[in-house]
Amino acid sequence: MILPLHDRLRAHLGRLLAQLYSLDAQTTPAVPLEYPPTRELGDLGTPVAFELARRLRKAPRAIAQAIAGAFGALEGVARVAAAPNGYLNFFLERRGFLLDRLLPDTSRRPPATAAKAIVEHTAINPNKAAHIGHLRNSTLGDTLVRVLRFRGVPVEVQNYIDDTGVQVADVVVGFRVLEQKTLDQIRELAGSTRFDYYCWDLYARVTEWYEQDTARLTHRAETLHAIEHGGTDAADAAAFIADRIVRCHLQTMARMNVDYDLLSWEGDILRLQFWAQAFEVLKASGAVYLQTEGRLAGCWVMPIQDEPEAHSPKPEARSEPADEEDQAEEREKVIVRSNGVVTYVGKDIAYQFWKLGLLGRDFQYRVFAGRPEGPLWATCSSGGETDHPAFGGAAYVYNVIDVRQSYLQKLLKQALIASGHPEAAERSHHFSYEMVALSHATARELGYAPPAGSEDATRPFVEVSGRKGLGVKADDLLDTLVRNAGREVASRNPELGEAERERIAQMIGIAAVRYFLIKFSRTKIIAFDLEEALSFEGESGPYIQYAVVRANNIFQKLWQRDGLNEAGVVASLANVPAAELEGGNGGHELWQLVLDASRLDEVVEQVVRSLEFSVLAKYAFSLAQAFNAFYHRSPILNEERDDVRRWRAAAVIYLRDQLTRALDLMGIGVPPRM
RNA sequence: GCGCCCGUAGCUCAGGUGGAUAGAGCACCGGCCUUCUAAGCCGGGGGUCGAAGGUUCGAGUCCUUCCGGGCGCGCCA
């Protein structure tokens, strides 16, 4: 970790600048810290002299020299230098830097004093198998959870289950109308087939069946109504299907190392009348009102501010006088329809209120499944456990949901502001990301080729469609990846037993997908290509795992051959000359490794600030890359100079530990062999 | 029409709150396995950063306009 050093250096420089140039808190410039392009120039550097040059009317170089001259002593900093171009550079105490970081990793975590955050992710309709797009959501969501926890934020992970929606209703129609199945027959089927796969196909068939005769949509409406009111065969079927499919999804996600604290069921939000409660709040605050005229007469509506921050009056002095009256007309979003039924937005507002502790009403809770770490909880409407953890009521909320929902997520924040909770709106984040589409090659493999000359054929990718059944099922993808990884593992480690090989193959396959889904910016559409995702070479999760496995091998052999363990190496360093680390043997490669490895906390800080995980992925990859290059050039086991050997080992211990942590933040484990 | 996003090497993409010589993977070419696992390493070719203006000591990064592409804007969820 290097952030504490940054902080001390900034504070020291801040005091120094204030003193040297008679600046106060207002006028002292921020001190940006960077890494000079080579270690010859320094380990840390700042261009702060450029900023001061304008104000002081002096050359940057002269300012840098003045600061360097007055710098004095700061623990951890060996030397300060003013570069000819005006940069101010710092050289660190390398030996102490590394030794500090090799101390046992206790009490280093920031204390969990921060306020609770809720992260909601996954939220797959419980009517069919999960696909590759869902994996992007849950991988991003789970990585967010891990990264926040690393920063010391207590996180509650929720998975929203839309068990009362159209998609579940459609599968109910498929079973009951299309296939004429009773609930018992559905149950039997669920016990004897891949139920989520079966529903995947059935859902596509129902969609097609509707398209053949749109009058058949009455079945959907009837089923939807039945589900909402309960107590019918159709409602029971819906409940059974949703429960079973959710369990399938949980299994898929468990393979991905994705886990939850609470499953929030939409049915409970309805039955417990969260909306009625939220409606009172919204009415009382005037956030919604009853429209009495126009086409929305009879609806409860919320005014929409299109440009909340556009306060530029646009001095259009010559705007046409009377006309364009309707330009001033406020846009309105319907929250409650004229028939009295609340819209999706309304339900979402109620849920968001509950997440932030603003609703004044709570769910009941049941144990949904047992796990080694403790029960997985789910909401319920009645008969819940009396003893359960406290859920909801968070200070921060992150809704992980794709970019197409931006408009609605914006309305959510407006509702919070309008009902008098601007600070809650400020703490509500829409964690948005772009879609996963299919490359043409992969779509073709799946049996879908857009007709030549059609619009789809000209696009760079093919859109997935659950309704058409077009997409890569998550478990199929994982199976393929694991199978490929298993073949590789077997050919390299023929002595491994089947169970161990399978376990390792799982870890490698998961690393491949998770890394693949993290390495692109959130705002980038991923054109998923099977062949590309199957590659374990180059910039991939397995590449990084491989680096750690190699590092671990070194220490295994060091122990077997020389009886030297890691603790022994670290303990011996105090009396060993550190020329190899300090550049005395020519070159700074070893130190570069240590410095890079120390930056994990800085990278995570940036990741949380920008909510951009590709930064973490690239960081881990470049660390692995640096290690692999070092590995080839600088032996440890066969290094004859004992001091060199020990410092190399020490640096690799630290790098390996940091890389392992980085992988863990991405939900990727380290196999014992590869 | 309005809003959001994308445009960087042949392809796919990175490029902290502007800073030191624009990077990586894949593909292509040439090397490296009696020495800690070749899922690796080393070397090579490859760029008007969509275009034009502007701000700045300094712009791939910030502002404006334009071009090309995607998505969103419902008494659907």
Side-chain angles (χ1 to χ4, degrees), chain A residues 30 32-34 36-38 41 45-47 50-51 53-54 59-60 83 85-87 89 125 162 164-167 266 291 295-296 298-301 304 306-307 331 333-339 341 343-345 347-348 402-408 410 432 434-435 437 439 459-461 463 485 488-489 492-493 508 519-527 529 532 535-540 542-547 549-558 561 602-603 605-607 609-610 612 614-615 617-618 621-622 625 628-639 652 673-674:
Chain A
L33 290 176
E34 302 167 11
T38 70
L41 290 168
T46 177
F50 295 104
E51 179 65 28
R54 181 178 22 243
N85 62 3
Y87 265 89
N89 293 329
N125 272 302
D162 184 2
T164 59
V166 178
Q167 295 214 15
E266 179 167 271
Q291 179 58 268
R295 57 190 179 87
L296 299 182
C299 297
W300 287 84
V301 299
I304 300 169
D306 271 326
E307 280 302 314
R331 295 185 57 205
K333 177 70 190 173
V334 173
I335 305 297
V336 180
R337 304 181 182 94
S338 54
N339 65 5
V341 178
T343 61
Y344 165 80
V345 194
K347 280 182 280 188
D348 236 36
D402 75 63
V403 67
R404 293 176 304 186
Q405 302 271 10
S406 295
Y407 177 65
L408 292 165
K410 201 171 125 193
S432 76
E434 265 292 355
M435 313 305 300
S439 73
R459 296 204 174 131
F461 44 75
E463 207 178 334
E488 286 284 314
V489 173
R492 286 151 205 267
N493 305 276
I508 296 171
K519 74 174 182 179
F520 303 99
S521 300
R522 288 185 287 130
T523 53
K524 225 86 171 190
I525 296 171
I526 297 178
D529 185 82
E532 191 188 345
S535 164
F536 296 159
E537 293 170 10
E539 195 196 335
S540 68
Y543 175 97
I544 305 172
Q545 286 177 313
Y546 188 55
V549 168
R550 281 172 141 184
N552 281 330
N553 268 348
I554 295 173
F555 296 108
Q556 217 174 323
K557 295 223 161 132
L558 200 59
R561 245 166 67 169
E602 183 191 346
V603 168
E605 192 275 335
Q606 187 195 338
V607 161
R609 185 159 34 82
S610 63
E612 187 52 81
S614 58
V615 177
K618 300 287 171 187
F621 173 65
S622 69
Q625 219 176 16
N628 271 331
F630 172 82
Y631 178 89
H632 280 269
R633 265 196 291 269
S634 312
I636 291 176
L637 290 181
N638 298 320
E639 173 57 49
V652 170
R673 309 181 58 91
M674 280 181 80

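First the proteins, then the strands, lettered A, B, ... as listed; each starts at 1.
For A:Pro635, taking side-chain heavy atoms from C-beta onward, the closest of the listed nucleotides B:rC36, B:rC42, B:rG25 is B:rC36. When distances are taken from the side chain of A:Leu41 to each of B:rC36, B:rA20, B:rG40, the shortest belongs to B:rA20. In the set B:rA77, B:rU17, B:rG15, the nucleotide with an atom closest to the side chain of A:Gln405 is B:rA77. When distances are taken from the side chain of A:Tyr344 to each of B:rA77, B:rA20, B:rG15, the shortest belongs to B:rA77. Nearest nucleotide to the A:Tyr407 side chain, out of B:rG72, B:rG16, B:rG15: B:rG72. Of the listed nucleotides (B:rC42, B:rA14, B:rC71), B:rC42 has the atom at the smallest distance from the side chain of A:Arg633. The listed nucleotides are B:rC71, B:rA24, B:rU17; the one nearest the side chain of A:Arg404 is B:rC71. Residue A:Arg492 places its side chain closer to B:rA38 than to any other of B:rA38, B:rG25, B:rC71. Closest approach to the A:Phe520 side chain among B:rC41, B:rC13, B:rC75 is made by B:rC13 (side chain taken as heavy atoms from C-beta onward). Each of B:rA77, B:rC73, B:rC75 was ranked by its minimum atom distance to the side chain of A:Leu408; first place goes to B:rA77.
In terms of modelled atom types and a separation under 3.5 Å, the side chain of A:Arg522 and the main chain of A:Ser432 share a donor-acceptor contact. Although no hydrogens or angles enter the test, the distance criterion places no donor-acceptor pair under 3.5 Å between the side chain of A:Thr46 and the main chain of A:Leu33. Of the possible polar contacts, one joining the A:Ser540 side chain to the A:Tyr543 backbone as a donor-acceptor pair under 3.5 Å is found. For A:Ser439 (side chain) and A:Ala527 (main-chain N/O), no donor-acceptor pair under 3.5 Å exists by modelled atom type.
Residue-environment remark: CD (A:Glu463) stays at or below the threshold of 12 foreign heavy atoms within 6.0 Å.
A:Ile526 places its CD1 atom 20 Å from the P atom of B:rG25, with the value rounded to the nearest Å. In this structure, the NZ atom of A:Lys333 is 14 Å from the P atom of B:rG72, given to the nearest Å. Atom pair A:Glu434:CD and B:rG70:P shows a separation of 12 Å (rounding to whole Å applied). Between the CE atom of A:Met674 and the C1' atom of B:rG40 there is a distance of 11 Å, given to the nearest Å. Rounding to whole angstrom units, CD of residue A:Glu539 and P of B:rA14 are separated by 10 Å. If you measure from atom NZ of A:Lys557 to atom P of B:rU35, you get 11 Å, rounded to the nearest angstrom. Spacing between atom CD1 of A:Ile335 and atom P of B:rA77 amounts to 11 Å, rounded to whole angstrom units. We find that CZ of A:Arg609 is positioned 11 Å from P of B:rG16, with the value rounded to whole Å.
In this structure, A:Tyr631 reaches the bases: a heavy-atom distance under 4.0 Å links it to at least one base atom across the strands shown. Nucleic acid contact class of A:Val549 (heavy atoms, under 4.0 Å, all strands): base. At the heavy-atom level, A:Asn125 lies nowhere under 4.0 Å from the strands shown. When heavy atoms are screened at a 4.0 angstrom cut-off, A:Pro36 is found touching base atoms of the nucleic acid. At the heavy-atom level, A:Leu558 lies nowhere under 4.0 Å from the strands shown. Contact annotation for A:Asn638: backbone-only contact, meaning every heavy-atom pair under 4.0 Å involves sugar-phosphate atoms and none involves a base. In this structure, A:Ser622 reaches neither bases nor backbone, as no heavy-atom distance under 4.0 Å exists between it and the strands shown. Nucleic acid contact class of A:Val607 (heavy atoms, under 4.0 Å, all strands): none.
Between A:Thr343 and the phosphate of B:rC76, there is no side-chain N or O to OP1/OP2 separation shorter than 4.0 Å. In this structure, A:Arg673 does not reach the B:rA39 phosphate: none of its side-chain N or O atoms is under 4.0 Å from OP1 or OP2. Distances shown here put a side-chain N or O of A:Arg337 below 4.0 Å from the OP1 or OP2 atom of B:rC76. Taking 4.0 angstrom as the limit, A:Ser610 places none of its side-chain polar atoms (N or O) nearer than this to OP1 or OP2 of B:rG16. In this structure, A:Ser614 reaches the B:rG15 phosphate: one of its side-chain N or O atoms is under 4.0 Å from OP1 or OP2. Side-chain N/O atoms of A:Lys524 include one lying less than 4.0 angstrom from OP1 or OP2 on B:rA14. One finds a side-chain N or O of A:Tyr543 lying less than 4.0 angstrom from the OP1 or OP2 phosphate oxygen of B:rC41. Contact between the side-chain N/O atoms of A:Lys519 and the OP1/OP2 oxygens of B:rU12 is not found at any separation under 4.0 Å. One finds no side-chain N or O of A:Gln606 lying less than 4.0 angstrom from the OP1 or OP2 phosphate oxygen of B:rU17.
A heavy-atom distance below 4.5 Å is found between the side chains of A:Glu605 and A:Arg609. With a 4.5 Å cut-off on side-chain heavy atoms, A:Glu488 and A:Met674 do not count as touching. By the 4.5 Å heavy-atom criterion applied to side chains, A:Tyr631 and A:Ile554 are counted as neighbours.
Comparing B:rG18 with B:rC57, their C1' atoms sit 12 Å apart, to the nearest whole Å. Comparing B:rC33 with B:rA38, their C1' atoms are spaced 6 Å from each other, to the whole Å. Comparing B:rG58 with B:rA20, their C1' atoms sit 11 Å apart, to the nearest whole Å. For the P atoms, the distance from B:rG60 to B:rC26 is 28 Å, rounded to whole Å. B:rC4 and B:rG30 have their C1' atoms separated by 47 Å, given to the nearest Å.
In this structure, NZ in A:Lys519 is found 8.5 Å from CZ in A:Phe621, a value given to the nearest 0.5 Å.
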Exercise. Pairs counted as Watson-Crick or G-U wobble with both distances under 3.5 Å: what dot-bracket string results for RNA chain B, using | for bases tied to another strand?
Worked result: (((((((..((((.....[...)))).(((((.......))))).....(((((..]....))))))))))))....
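Projected onto RNA chain B by closest heavy-atom contact, A:Ser406 and A:Glu537 fall at different nucleotides, the more 5' of which corresponds to A:Ser406. Where A:Thr523 and A:Ser634 each meet RNA chain B at their nearest nucleotide, the meeting point lying more 5' is that of A:Thr523.
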Problem set entry | Residues A:Gln291, A:Val334; criterion side chain to side chain contact (heavy atoms under 4.5 Å, CB included); working and verdict | CA-CA 9 Å; A:Gln291 179 58 268; A:Val334 173; over 6 Å; no
For this session: Run the numbers on A:Asp348 and A:Leu408 for side chain to side chain contact (heavy atoms under 4.5 Å, CB included), then give the verdict.
Result: CA-CA 9 Å; A:Asp348 236 36; A:Leu408 292 165; 6.0 Å; no
Exercise. Does the side chain to side chain contact (heavy atoms under 4.5 Å, CB included) test come out yes or no for A:Lys618 and A:Glu539, once each step is laid out?
Worked result: CA-CA 9 Å; A:Lys618 300 287 171 187; A:Glu539 195 196 335; 2.9 Å; yes
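For B:rC33, the base is syn relative to its sugar; the glycosidic angle is within 90° of 0. B:rG40 takes the anti form, because its glycosidic angle lies more than 90° either side of 0.
A donor-acceptor contact under 3.5 Å is formed by the side chain of A:Asn89 with the base of B:rA20.
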